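To keep things clear, I will list the structure first and then write my remarks on it.
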Amino acid sequence: MSFKIAPSPHGHNQRTTSEMMRWVCYALVPGVLLQSYFFGPGVWFQITLAVATAVLAEMACTVARERPAFSALRDNTAIVTAILLAISIPSLAPWWVIVIGTLFAIVVVKHVYGGMGQNLFNPAMAGYVLLLISFPVQMTNWLPASTISEHSLTLWQTLHTILFEYTPAGYSVEQLRAGIDGVTMATPLDTIKTELTRGYTLTEIYQGPEFSYFAGAGWQWINLGFLVGGLLLIQQRIISWHIPLGFLAGLCLPAFIAHIFAPDLMPGPIVHALSGATMLGAFFIATDPVSAATSNRGRVIFALLIGFIVFVIRSWGGYPDAVAFAVLLANMCVPLIDRYTRPVVYGHGD
Amino acid sequence: MSDVKTVNRDFNTDIIGQFPGGVHPPERKQPASSRPIRRLPLPAELILPVRQHIGPSGKVLVEVGDRVDKGQRLTEAGLSQGLPLHAPTSGIIAAIEERPTAHASGLPEQAIVIHPDGEERWGNKHALPDYHDVEISRLLELVQEAGIAGLGGAGFPTAQKLAQQKPLKHLIINGVECEPYIAADDRLMQEYADDIIAGTRILQYITRCDSVLFAIEDNKPEAIKAIAAAIDDDTQIKLKVVPTKYPSGGEKQLIELLTGHQVPSGKLPMDIGLLMQNVGTAYAVKRAIIHGEPLLERVVTLTGEALEQRGNVWALLGTPIQHLLDESGFNPEKKQRIIMGGPMMGFTLPSTEVPVIKTTNCILAPTDHELPAPGPELACIRCGACSDVCPATLQPQQLQWLAKAKDYDELEKHHLFDCIECGACAYVCPSEIPLVHYYRKAKAEVRNIAREKAKAEQARKRFEARQERLEREKQERLERHRKAAEERKKMQQEKASRPDSKTDSGDEKPAGKSAAVAAAIARAKAKKAAQAAKDNADEDSSAKGNES
Amino acid sequence: MSLFGAVIALGVLALIFGVILGFAAVKFRVESDPIVDQIDEILPQTQCGQCGYPGCRPYAQAIADGDDINKCPPGGEATIKQLADLMGVEPKPLDDAHGEEDVKKVAIIREDECIGCTKCIQACPVDAILGAAKQMHTVIEHECTGCDLCVEPCPVDCIDMVAVKPKPETWQWDLDTVKENIKANSIPVKVVE
C-alpha cells in the first residue's frame, strides 16, 4: 500500500484566487447594470470585446512563455482586468480602442513584467492611461446620461457605432452628445471644470441639466451601484475595508475642508464621492492586491495617497477625473510604502 | 457553551493578552473527544528508535535475544540532551537495526525491535509517594531517568527544561490543544484530571514556583470542568480559559495570550520568567515520581473518516502505526494520506511500519472529501491574507518570493527563523501555495549552508595546521640530520682514535620489516582476488586516479 | 560668450565634485579582506587538489592572479556562481578536465584489510585518518572532506569512497525523495510469533 506524500497543512479554507476573482465579477453587476441603463448597451459590447481580447492575449502570452495555454486563465484575473477597463471607457468608443487598451494591459503591463503577481502597475489603469493620452477624443466622448439625452440608441445602432464610429443614420458620437439646445454636453466633472474656468459659480453650474439630486445625473447612481458591489466584496471578505475607506477619506476630507473655505469654487465631498470613477476606483481598482501595498497600515497609506491625488488633479489638474493617474502614481510608491510599514515580527519589538 | 461561561466566571479567567493573526479551521474534535481512551491488544512487535528527541542518541544497553522486563532501561542517556529509553512491555529483543522512523523524510534510524511476550512483567519500580522530603536534584534525576520528553511538541527533554535555574514568575500548563481533530490532551484531562494536577504540583515543587497558569481552550467544556474540580480550592493554580483560535496552543502565542508579553526572538520563555509544560508531560511526571513508572505509553488520537472507530487509545511507544489502523477499522481510499500529527502541522507518513514515538499525538487518516488535497499552485497575488493570519506577524508573501529566489541573506533579514511553521498562511492562501513547505526547505538549506561553511572552515584550519606541522617536521628533520651529521663526524673522529668500536647493525631490521609488509600486501591481494572472483558486484570501489 | 560661461561653470563643478569624490575615497575607504581570502572563503576546502593546485588556498591565489574559476568539482556550480559574482566575471560551466561534480562522499577504510602502512595518513590533507605504523587505520568521518587523495596511495586498495547518507536532521524537505528513502531501506519481513 503506498500512501500519498503531501506537505502540511492538509486542508484549506476553500477560498481560491479564481473564486475571489469570480466574486469581483459578480460584485460589478449592479454598477454595470446601472451603467448600461444610463449609457446604453454599449458597455456590454465593450465588455465582450475586452474579455475576448484578454483571454486570447493571455493564452498567447502563456504559450510564448512556454507554459500550458490554459494555465494562466485559471485564476480569472485577466477577465477582471478586461471588465474593469471596458467599463472605464465611454460606451460608444470605437472597437479598436478597447482592443488596444486590453492588449496593452495584458501583454505589456502584466506579462512583460513577469505575469500574474509580478506587475508593478494596475493593468486596467495602465491600459486606460495609455488610451487616454493616445486617443483623447474617443476617450472623452461620454454621452449624457439617457435621462437627459436627446438620443437613445438601440442595440443595433450601438453596435454599429462601436464598429463604424457612426450610427446607421450617420451621426457621429460627437453629434449624439448635443443637448436640446444643440450644445454638446460633457460629463459632470468635465462640466464643473470648464464652467468654473469660465467664471461660473458651483451654484450656477449645478442648475445645468447634467446635475440632479446630489451629483451628476446618472453618474451618481452608477457610483452607488459600485458602492453596493464593493460593500458586498467587503462582506464576503474578498477585500478589506482599508483601501476603500482610505481612498474615500483621502478624497473627501480635503474636499470637505476646501468646500468649507470656498463653497462656490470647490465641489463638496458628496459630489466627489459620487462622480466619475470614484466608487469603482475605491472598491475595485485600488483594491487590486497585486499592485497595492500588502500590510494593512501600508494599504491605508496607499489609499489615502490615491484619494488625495484624485482630489488634487480634479481640483487643479488638467483632467476632469484622475483615478487612473492617481492609482498608477500610488503603485509606484508601493515598494517604498511596503518597506516602511513592515510589521514588527514577534519577539523583535524592543 | 453556557457551562463554559459559568466556569469562566467562577475562576476569573481573565485573558490579558492577544496574539495577532490566527485562523479558525473546522475543529472536528468529535467523536474523539467524547469517547473514553481505549487500550489495544499488544502489537506483534514494538519498534523503538534509539533517538526519539532532539539531540544525540544514547548507548544501547541490550543485545539481540535478551529478555527484557517492562520498564527496563534499553539505552544509556547521552552526554547532553540525551534521554534513556525503556522497554514498553516485557519481551525479547528481536533486532537492533535501522528502521524507517516517524519523520517526514521516512529515513531510517537505529531502532530496537522488541517482540512482546504478553506477560507484562514489570521490572523494579521505585515508587515515591511522598516527594516533599526528597531533594530537587534527585527529583530532576528521576524525571530524566524516566525518559520524559515534552509530549506536546518538539519533544525536548523535560528534566533539562526544568533544571534551568532562573526565578519563575509563572509555570504554564498547556492544555490548549488548538489543532483540529486532536483530542488526546482533552481526553487525558477529562479522565485523569487529578493525576495531571498532582503532576503539576510536582513540577511546581521542582521549579519552586507559586503561580501556575493552567490554560485550556474554551471548546473543551468537559476538560475545563474536570480540571476545575481537580484544582478545587488550590489558589496557586489558576485556570485560564482561552478563546478557540489556531494556533493559541503554540508556546509563544499562549505566552502572549496569558501574560501579554512576547518571548524575545532567539530567547527562551525562561528568560522572561516563564516555563511551559504540556498536560501530558505533567501526567507523565506524576507517573514517574509517584509510581516510579518511566514513560512507556501515551495517548494517541486516531481519527479521520477513513477510520471506522475513531477515538483515543493508549499506545505503547514503538507501536507500529499499522497496528493502530488495524484496530480501528481502516478503509483506505485511493491516494490515502496517513498524517502523523494534526491537519495543520502534521506530516504524511510514507509507510505504516513507522512507530509511535514520544511526540506522536495523533494519527489522522482523512478522506479526500473531508480534507481535500490542494489544487494546483497559482501565482501569488500579494493579497496579504497570509500576513493577516500570521501569528508571528511575518510577511509570508515576501518570504515566499525570497525563498523561491533562494535569497538566503534576505530571508534571514525577514526573520524566516521566527516562523513557527503553524501553517495558517498556507491554510488561507487563495493561490494554494504550500508556503510552509517553502519555508521549511529554505530553513533546511540555510542550516545546510551554515553546516557546510563550518565544515569548510574546520577543514581549512586542519589543512593549515597540517601544513604548519609538515613544515615544522621538515625543519626538525633537517635539524636532526645536521645533528646526526655532526654526531657522525664526531664519532668518526672518535672511531679514528678508537678503532675497535662496533658499527650499528640496524640495516638488517628494515629489510625484515619491508619483507613483512610485502608479505602482508601479497596476502591482502590474494584475499582480494579471491573475493573478487567470488563476488564481482562488490568490486565497485577501486581507487580513482587523480592528477595530484 | 554664454558658451564659455557654461563650459567654465561645468568645468568648475566637475572639479569640485572630483575633489569631493577623491577626498571621500581616501577618507571613507572601506578596508575589505584581501581578494585571496575572499576567494578562499568560497572554496569548499576539500583540499583535494583536483584543480591542479596543492590545496584550496593555492587555487584561491591562482584565481586572484587570473586563473579560471571553473576548476573546482567539489564546489560545483554553486561555487562557480559565487566566484563569478565576486570576481565580476561571467559564470561558466565546470571544466570537466578537472573532474565532475559528484555527490558528497567520505572515505571508509575496510579495517580488516588495512595493513597499517600509514601511506593514507600521509596523503590526507586534513589529518582525518587516525592510526600508526602497523596499527589498523580509521577515518574520522566528520573531518573527512571526501577529497579522494587517500585512495590511490593505499597498497591494498582497502579505502572506499561512499556517498554520505542523508539523516533526518540534514534532510532537505524534498518530498519526492520520501518514497526512495523508504524503498532504500526495505523493511524486513515481519515474524509473527
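Source: prediction; values computed, not measured. Sequence lines set the chain letters: A, B, ... in the order given, protein chains first and strands last, and positions in each chain run from 1. All values below come from the heavy atoms of this structure, side chains included, with hydrogens, waters and symmetry mates left out.
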Out of [options], which one racks up the most heavy-atom pairs below 4.5 Å with chain A?
options	answer
B/Gln398, B/His24, B/Glu256	B/Glu256
B/Pro366, B/Pro374, B/Ser387, B/Pro264	B/Pro264
B/His261, B/Glu370, B/His414, B/Gln253	B/His414
B/Gly423, B/Ala392, B/Pro25, B/Ala426	B/Ala392

Part of [X] lying under 4.5 Å from any heavy atom of chain A:
X	answer
B/Ile420	neither
B/Val263	both
B/Met344	both
B/Glu432	both

Side chain, backbone, both or neither: which part of [X] has a non-hydrogen atom closer than 4.5 Å to chain B?
X	answer
A/Arg237	neither
A/Asn296	side chain
A/Met20	side chain

State whether the number of non-hydrogen atoms from other residues, nucleotides or ligands found under 6.0 Å of [X] atom [atom1] is greater than 12.
X	atom1	answer
A/Arg65	CZ	yes
B/Phe417	CZ	yes
B/Lys404	NZ	yes
A/Phe308	CZ	no

* Asked: Nearest heavy-atom pair of B/Tyr427 and A/Pro9: which atoms, and what distance?
  ->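 In terms of heavy atoms, the two residues are closest at N-CG, 3.9 Å.
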
* Rounded to the nearest 0.5 Å, how far does NZ of B/Lys335 lie from CD1 of A/Ile5? ->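 One finds 12.5 Å between CD1 of A/Ile5 and NZ of B/Lys335.
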
* Asked: Once you round to the nearest 0.5 Å, how far does NE2 of B/His415 lie from CZ of A/Arg342?
  ->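 Here the interatomic distance stands at 7.5 Å.
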
Please confirm whether the backbone N or O of [Y] pairs with a side-chain atom of [X], one donor and one acceptor, at under 3.5 Å?
X	Y	result
A/His12	B/Cys429	yes
B/Ser265	A/Gly347	no
A/Tyr346	B/Leu394	no
A/His10	B/Leu371	no

* **Residue among A/Gly117, A/Pro7, A/Ser8, A/Ala293 with most heavy-atom pairs under 4.5 Å to chain B** =>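 Option with the top pair count is A/Ser8.
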
* **Any side-chain heavy-atom pair of B/Pro430 and A/Glu19 under 4.5 Å** =>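 Counting from C-beta outward, B/Pro430 and A/Glu19 never come under 4.5 Å.
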
* A/Val344 side chain reached by B/Thr393 side chain, heavy atoms, under 4.5 Å ->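 Result no, sub-4.5 Å side-chain heavy-atom pair not found.
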
* To do: Under the side chain to side chain contact (heavy atoms under 4.5 Å, CB included) rule, what do B/Thr348 and A/Lys4 come out as? Steps first, then yes or no, please.
  => CA-CA 7 Å; B/Thr348 49; A/Lys4 198 178 163 200; over 6 Å; no

* So which bits of residues 378-386 of chain B come within less than 4.5 Å of chain A, counting non-hydrogen atoms only? ->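 At a heavy-atom separation under 4.5 Å, chain A is reached by B/Leu378, B/Ala379, B/Cys380, B/Ile381, B/Arg382, B/Cys383, B/Gly384.
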
